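What follows is a set of notes on a single structure, which appears directly below.
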Amino acid sequence: MRRSSLTVRLSLAAAGLIALSLAATGVLLVLMFRDHIERRFDGGLEDQLEELVAASETDGSGALVLTWTPVDPRFNRPGSGWYWQVVQGGEIVRRSLSLTGMALHDLGGGVREVVTRDGPAGRRLRILTRRINLPGAAAAYDFAVAGPVDDIDADVWRFSAITATALTVLGLCLIATVVIQVRFG
């Protein structure tokens with residue numbers, strides 16, 4: 001009976017430590033993955049903003065002219081969560097087709113800033129803004145490009161589910177191994 005009691009106590013202690021260790025590992029992996037996905041998402045926003053700036057010129061009167069429109073089709077679907085707009089002096093001078101009739105607000109503006117705000121229809125957006133001085137313009141333009149936070153959340157959720165499954169299987173295998181070792185010992 002004593003031997004059985006020792007086996008149970010050792011197995012339970014090992015199972016608890018394994019579960020705690022794997023849970024902490026899972027949380028750490030998900031946090032690191034979320035950080036990676038956010039940086040990658042922001043890099044995509046940066047690419048879109050650079051394309052928008054590259055397409056921007058001023059005409060003889062100093063007004064903004066786009067020599068081409070950014071090619072990503074997500075910016076053409078109304079309500080897609082993917083938006084861009086250009087503001088000068090508080091007035092929207094250009095915006096994506098997806099933003100028709102709507103606007104991005106409380107953007108801040110600056111050298112380079114990423115913020116998370118509620119956008120049109122209350123959807124959470126990750127927004128990259130940059131203030132640009134174009135040659136021939138009377139004032140600087142504030143360029144903004146936005147994407148939906150739920151795209152990030154969906155990727156993190158899928159990764160979390162896969163990680164939880166893998167760590168659960170690993171944990172069960174480790175616990176079974178400990179139980180076998182304790183009984184054998």
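These numbers come from a predicted model, not from an experiment.
Hydrophobic clustering (ILVMFWY, side-chain heavy atoms < 4.5 Å, transitive): F33 and L28 are in one cluster. A single hydrophobic cluster is not seen to contain both L167 and V169; linkage of ILVMFWY side chains at heavy-atom distances under 4.5 Å, directly or through other members, places them apart. Under a hydrophobic-cluster definition in which Ile, Leu, Val, Met, Phe, Trp and Tyr are linked whenever side-chain heavy atoms come within less than 4.5 Å, directly or via other members, F41 and M32 are assigned to the same cluster. Note on L6 and V179: same hydrophobic cluster, where clusters join Ile, Leu, Val, Met, Phe, Trp and Tyr whose side-chain heavy atoms are under 4.5 Å apart, directly or indirectly.
For R94 (side chain) and L64 (main-chain N/O), a donor-acceptor pair under 3.5 Å exists by modelled atom type. T58 places a side-chain N or O within donor-acceptor distance of the main-chain N or O of P135, the cut-off being under 3.5 Å. Put simply, the side chain of S98 never gets that close to the backbone of P78: no donor and acceptor are under 3.5 Å apart. The backbone N or O of R183 sits nowhere less than 3.5 Å from a side-chain atom of T7 that would complete a donor-acceptor pair.
R126 places a side-chain heavy atom less than 4.5 Å from the side chain of D42. Taking the side chain as every heavy atom from C-beta outward, I18 and V178 approach each other to under 4.5 Å. Side-chain contact between R117 and L125 is absent, with no heavy-atom pair separated by less than 4.5 Å. Within the 4.5 Å cutoff, side-chain heavy atoms of W82 are placed close to those of L45. Within the 4.5 Å cutoff, side-chain heavy atoms of L99 are placed close to those of P120. Taking 4.5 Å as the limit, some side-chain heavy atom of T177 sits within range of a side-chain heavy atom of Q181. A heavy-atom distance below 4.5 Å is found between the side chains of S56 and L66. The closest side-chain heavy-atom distance from S80 to F75 is not below 4.5 Å.
Taking both residues in full, the closest heavy atoms of A140 and N133 are given as CB-OD1, 3.0 Å, listed atom of the first, atom of the second, then distance. A146 approaches L104 most closely through the heavy-atom pair CB-CD1, 4.1 Å. Across every non-hydrogen atom of L29 and F159, the tightest pair is O-CE2, 3.7 Å. Considering all non-hydrogen atoms of both residues, P148 and G81 come closest at CD-O, 3.3 Å.
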- Task: Check the pair I127 / V114 against side chain to side chain contact (heavy atoms under 4.5 Å, CB included), numbers first and verdict last.
- Result: CA-CA 5 Å; I127 306 168; V114 178; over 6 Å; no
- Message: For V145 and Y83: C-alpha separation, side-chain torsions, deciding distance, then whether side chain to side chain contact (heavy atoms under 4.5 Å, CB included) applies.
- Response: CA-CA 6 Å; V145 178; Y83 309 115; over 6 Å; no
Audit row: E113, V115, side chain to side chain contact (heavy atoms under 4.5 Å, CB included) steps and yes/no | CA-CA 6 Å; E113 184 177 12; V115 296; 3.5 Å; yes
Pair L22-L170, side chain to side chain contact (heavy atoms under 4.5 Å, CB included): steps then yes or no: CA-CA 9 Å; L22 291 177; L170 176 62; 3.9 Å; yes
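For the residue pair D72/Q48, the side-chain donor-acceptor check at 3.5 Å is satisfied.
Every side-chain contact (heavy atoms from CB on, under 4.5 Å) that I92 has, sequence neighbours left out, goes to Q85, V87, R95, A103. With sequence neighbours excluded, the residues that form a side chain to side chain donor-acceptor pair (under 3.5 Å) with R34 are E38, D153. For D150, the salt bridge (charged side-chain N to carboxylate O under 4.0 Å, His left out) partners two or more places apart in sequence, or in a different chain, are R123. Residues satisfying the side-chain contact (heavy atoms from CB on, under 4.5 Å) criterion with E57, sequence neighbours excluded, are T67.
In this structure, R158 pairs ionically with D155, as a charged nitrogen and a carboxylate oxygen lie closer than 4.0 Å.
Between atom CG of residue L128 and atom CG of residue D47 there is a gap of 10.0 Å, rounded to the nearest 0.5 Å. Note: L97 CG to T69 OG1 = 7.5 Å, rounded to the nearest 0.5 Å. One distance of note links CG of D151 with CZ of R124; it measures 14.5 Å at 0.5 Å rounding.
Summarising the hydrophobic clusters (Ile, Leu, Val, Met, Phe, Trp, Tyr; side-chain heavy atoms under 4.5 Å, direct or chained), the residues clustered with V149 are none.
Within 6.0 Å of the CZ atom in R40, the count of heavy atoms belonging to other residues, nucleotides or ligands does not exceed 12.
Sorted by first and then second residue, the ring-ring contact (aromatic ring centres under 6.0 Å, His included) pairs with a member in residues 116-144 form an empty list; sequence neighbours excluded.
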